[in-house]
Amino acid sequence: SDFKLLLEPASNIINFRYQPDTKQDLNLLNESIQKILVEQGNFYIVSVLIAGTRYLRCSVMNPFTNEIVFENLLKEIRNVDKLIKGMRNK
């Protein structure tokens, strides 16, 4: 998979990393994805640096959050990656 959990979630906080098959700096990619997602306004996630590795972090507070919401988040992360690649290729 192109996503990696830091740890199995023990509460409502999920730390994960997007790591597609690429030679680019994954810390920079994850940080850029977080910023663009927040700017777009459909999802609010933060990033955190743990032992030198950048992870994306989301907190699940709404009891109506379901699997579809997470699938849409992962899909949007992949779309943002494509957007970043397109901006680099210009």
Partners of Thr22 by side chain to side chain donor-acceptor pair (under 3.5 Å), sequence neighbours excluded? Gln24

Nearest 0.5 Å, please: how far is OG1 in Thr65 from CG in Leu73? 10.5 Å

Quick check: do Pro20 and Leu29 have side-chain heavy atoms less than 4.5 Å from each other? yes

Could you list the residues that satisfy side chain to side chain contact (heavy atoms under 4.5 Å, CB included) with Asp21, not counting sequence neighbours? none

Show the atom names and distances, to 0.1 Å, of all donor-acceptor pairs under 3.5 Å that link a side chain in residues 44-53 to residues at least two apart or in another chain.
residue: Ser47; atom: OG; partner: Arg54; partner atom: NH1; Å: 3.2

Answer with yes or no whether the hydrophobic clustering places Leu37 together with Met87; edges join I, L, V, M, F, W, Y residues whose side-chain heavy atoms lie under 4.5 Å apart. yes

Considering only heavy atoms from C-beta outward, does the side chain of Cys58 approach that of Phe43 to under 4.5 Å? no

Treating Ile, Leu, Val, Met, Phe, Trp and Tyr as nodes and any side-chain heavy-atom pair under 4.5 angstrom as an edge, say whether Ile33 and Leu6 lie in one connected cluster. no

d(Asn79 CG, Ile36 CD1) to nearest 0.5 Å is 11.5 Å

Pairs touching residues 2-41 that satisfy ring-ring contact (aromatic ring centres under 6.0 Å, His included), sequence neighbours left out: Phe3-Tyr18

Check side chain to side chain contact (heavy atoms under 4.5 Å, CB included) between Asn66 and all other residues, then give those that pass, not counting sequence neighbours. Ile68, Val69

Show every side chain to side chain donor-acceptor pair (under 3.5 Å) that has at least one partner inside residues 27-38, sequence neighbours left out. Arg17-Asn27

Nearest 0.5 Å, please: how far is OH in Tyr55 from CD1 in Ile14? 15.0 Å

Counting C-beta onward and ignoring hydrogens, is there a side-chain heavy-atom pair between Leu56 and Ile77 closer than 4.5 Å? yes

Using the salt bridge (charged side-chain N to carboxylate O under 4.0 Å, His left out) rule, collect all pairs that involve residues 62-83, keeping only residues at least two apart or in two chains. Asp2-Arg78, Asp81-Lys85

Tell me, which pairs form a side chain to side chain donor-acceptor pair (under 3.5 Å) where one or both residues lie in residues 7-16, sequence neighbours left out? Asn15-Arg57

